[in-house]
Amino acid sequence: MDPTEAQAALDSMTAAQREFAASGPKYPLWRHVAFAAVMGAIVLSQGFGPPLQILLFVFAMAAVAWIVADDRRRYGVFVSGYRKGRTLGVTLVMVVLLLAAMGAEIHARINDLSLAVKLGIAGGAFVVALAASLLWTRIYDRELQNGAA
Amino acid sequence: MDGIDMLLHAPARLQIAALLAKVTEMEFAKLRELLKVSDSVLSKHLAALSDAGYVALRKAAEGGRQRTWASLTRAGTRALDRHVAALRAIVAHLPAAAK
């Protein structure tokens, strides 16, 4: 293989990935909000004892399954949030912050803090998840546009 | 040639691997749309990649239809990384070759 052929092969890869970036998933704002609401619900579930804790958690898991199924049906692809690449840093930071929020909810439950405090923590988790989801998508789109293998 | 994978040498197969490297799973119809090839051509390429253990194929019933989902395996990811590194090494000689 000569250098020109090799460059053509690399260019064809980049072209395919850019085509995917152009025609691939375009997650609307409601999709980011739905994801953030689910994360907020999971965090909030830790602020209550059963049966509300279990109900919220089961609802959140069902919503996750629905979002994944809708992504697959709508876009013909599934991209895990835990994929390797430049997006992984965003995912890990989000997970750490959400785990901290869950810890705060457990603290609020044990110390019998008010509903307003619990909703405030869950609201913070919602904002973190929403920002992470928007940033993750932006980085992913840029990665596709750059055509890195 | 060191690192060049003859299975990925075919442009369509290289593009399939490059696309699957960016997702967890991609549906057959989406791959066909992106590559602009026929069902039979895509099936042949996917079968070759699957036989080599580079791609995993999964059939799932969705909305009353049978759909095929493809994903890149670890072996496929390693092969693609090696192949791309080899291509880049060849391209690094491009200025010299042009002289």
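Residue numbers begin at 1 in each chain, while the letters A, B, ... track the order of the sequences. Quick caveat, the model's predicted, so the values are computed rather than measured.
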Worksheet item: How long is the span from the CG atom in A:L115 to the CZ atom in A:F48, to the nearest 0.5 Å?
Response: 5.0 Å
Worksheet item: From A:I110 CD1 over to A:H107 NE2, what is the distance, rounded to the nearest 0.5 angstrom?
Response: 8.5 Å
Worksheet item: Given the options B:E25, B:R67, B:E27, which has more heavy-atom pairs under 4.5 Å with chain A than any of the others?
Response: B:E25
Response to the item:
Of B:L8, B:L35, B:L14, B:I16, the largest count of non-hydrogen pairs under 4.5 angstrom with chain A goes to B:L14
Discussion item. Tell me if a side-chain donor or acceptor on A:Y27 pairs with a main-chain N or O of A:D71 at a distance below 3.5 Å.
Written reply: no
Worksheet item: Non-hydrogen atoms of chain A under 4.5 Å away: do they reach the side chain of B:H9, the backbone, both or neither?
Response: side chain
Discussion item. Please classify the contact of A:Y75 with chain B as side chain, backbone, both or neither, using a heavy-atom distance under 4.5 Å.
Written reply: backbone
Discussion item. Can you confirm whether the side chains of A:D141 and A:Q145 place a donor and an acceptor under 3.5 Å from each other?
Written reply: no
